[in-house]
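For reference, the structure is listed below as structure tokens.
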Protein chains: 2
Amino acid sequence: MEKQDYTFLETFPFWNHLSKEEQNLLKQNTKEQKYPKGYNIHHGSEECAGLLYIKRGFLRAYILSEDGREITLYRLYEGDVCILSAACVLDAITFDVFVDTESPCEIYTVSAPILHDLAEKNIYVEAFNYRMAADRFSDVMWAMQQILFMGMDKRLAIFLVDESAKCKSDEIHLTQEQIARYMGTAREVVSRMVKYFVGEGIVESFRGGIRIVDKKKLKSYLQ
Amino acid sequence: MEKQDYTFLETFPFWNHLSKEEQNLLKQNTKEQKYPKGYNIHHGSEECAGLLYIKRGFLRAYILSEDGREITLYRLYEGDVCILSAACVLDAITFDVFVDTESPCEIYTVSAPILHDLAEKNIYVEAFNYRMAADRFSDVMWAMQQILFMGMDKRLAIFLVDESAKCKSDEIHLTQEQIARYMGTAREVVSRMVKYFVGEGIVESFRGGIRIVDKKKLKSYLQ
């Protein structure tokens, strides 16, 4: 059996506040696993995957409506911690998210019951868990504001479809700075929204421009 | 000067983990204030009101778009703690909310700088703050799902049932304009939906409000 590397656990701010026994318990209940792209790691309330630490790859967290609509809440990358997959550990978190891999992933999973026990006994673990949740809260608020207020997704989609039609090309040779100016918004807003579209597999970003790779999906934003 | 009652501070889970000096510091930097209905207590990023504890009355937290649209995130009632008005204290919270009184209120405010200092020195205070934030995270996710996923009929039904329960009356004294603002939608949308409910014999509309006439039918929309 391959020896596992638990160095990441030692970077958690609560690590030095655990007893030797607790540190060992945590290591013994952390396992490394590989997942293919598009794998559903955490499935709402049906089970509690536990705390995830991304060694390699990236994840997408989303909510699902009854009729199957998805809203992407945020993405997590190498070195990030996914805490909402351990929602069962956090009394104050009463909603469910779904978490999928978006690339082949190597992930450490800290068992939910162990995390629960540690958080009950050790205030540093509890504080860490809720602090991680607050980080995601900020991400979700950003996504919510984009979707509800700005319609920035729709506005950017309209702009890209129009430009593409105008140039008769899927490649739009405009910098994000220029796009922002045309759209009357800030470069940072365009930049984050482009990143979101890239993440959704709708466009690719290249030096000095944007390439539409999934026109159908892009046009779905126009409604 | 009226003697202030700080009993609520002693109910906070971190209280017994504070030194006598810290307890006194907290008391000295907590003030009681009265606000009229409709008063804007916390105004996004412009200032940091601090942690609010509601002695009497209720508050509404919302976000505001650039063009002035409001989305209600949640309401807080007697005995509730408002932590997002102390967002400046929480590094992991990077968004801004607005908080208004919805009735005449008596509110204790714990000064933000003091809360910040205590949270830095005392992990129990930090854990409390983030745990409170996680509670609000759950509220916001609920609101988000209402807005994004649910049909307007269901949303209006939920709103009317909730308001009716809150006021212990079948008459809801809110204009369609106000209802729209609370629901984070346009007045026209509410207006059409109310007209639909009137047509169905579920509600009656009167100047300045709505009367529920068929509660059973209204509640059938909640499923």
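In what follows, every chain begins at residue 1, and chains take the letters A, B, ... in the order their sequences are listed.
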Under a 4.5 Å heavy-atom cut-off, does chain B meet the side chain of A/Ile83, its backbone, both or neither? neither
Is the number of heavy atoms from other residues, nucleotides or ligands under 6.0 Å of B/Phe95 CZ greater than 12? yes
Has B/Lys219 got more than 12 heavy atoms of other residues, nucleotides or ligands less than 6.0 Å from its NZ? no
Considering residues, nucleotides and ligands other than B/Phe58, do more than 12 of their heavy atoms fall under 6.0 Å from its CZ? yes
Can you check whether anything in residues 107-122 of chain B gets within less than 4.5 Å of chain A, heavy-atom wise, and list it by number? none
Got a sec, which residues hit ring-ring contact (aromatic ring centres under 6.0 Å, His included) with A/Phe12, two or more places apart in sequence or on another chain? A/Phe8, A/Phe14, A/Phe128
So, taking the atom named CZ in A/Arg131 and the one named CG in B/Asn129, what distance separates them when rounded to the nearest 0.5 Å? 11.0 Å
Can you confirm whether A/Ile123 sits close enough to B/Glu126 that some side-chain heavy atom of one is under 4.5 Å from a side-chain heavy atom of the other? no
Where do B/Ala134 and A/Tyr130 come nearest, in terms of heavy atoms and distance? CB-CD2, 3.4 Å
Over 12 non-hydrogen atoms of neighbours within 6.0 angstrom of NZ in B/Lys166: yes
Look up atom CE in A/Met141 and atom CE in B/Met141, then write down how far apart they are to the nearest 0.5 Å. 11.0 Å
Check this for me: A/Lys215, atom NZ, are more than 12 non-hydrogen atoms of other residues, nucleotides or ligands nearer than 6.0 Å? yes
Contacts of B/Glu21 meeting salt bridge (charged side-chain N to carboxylate O under 4.0 Å, His left out) (sequence neighbours excluded), chain-then-number -> none
Report yes if some heavy atom in the side chain of B/Leu84 is under 4.5 Å from a heavy atom in the side chain of A/Phe137; otherwise report no. yes
Heavy-atom donor-acceptor pair, A/Thr94 side chain to B/Ser138 backbone, under 3.5 Å: no
Sorted by number, residues from residues 86-93 of chain B in contact with chain A (heavy atoms, under 4.5 Å): B/Asp91, B/Ala92, B/Ile93
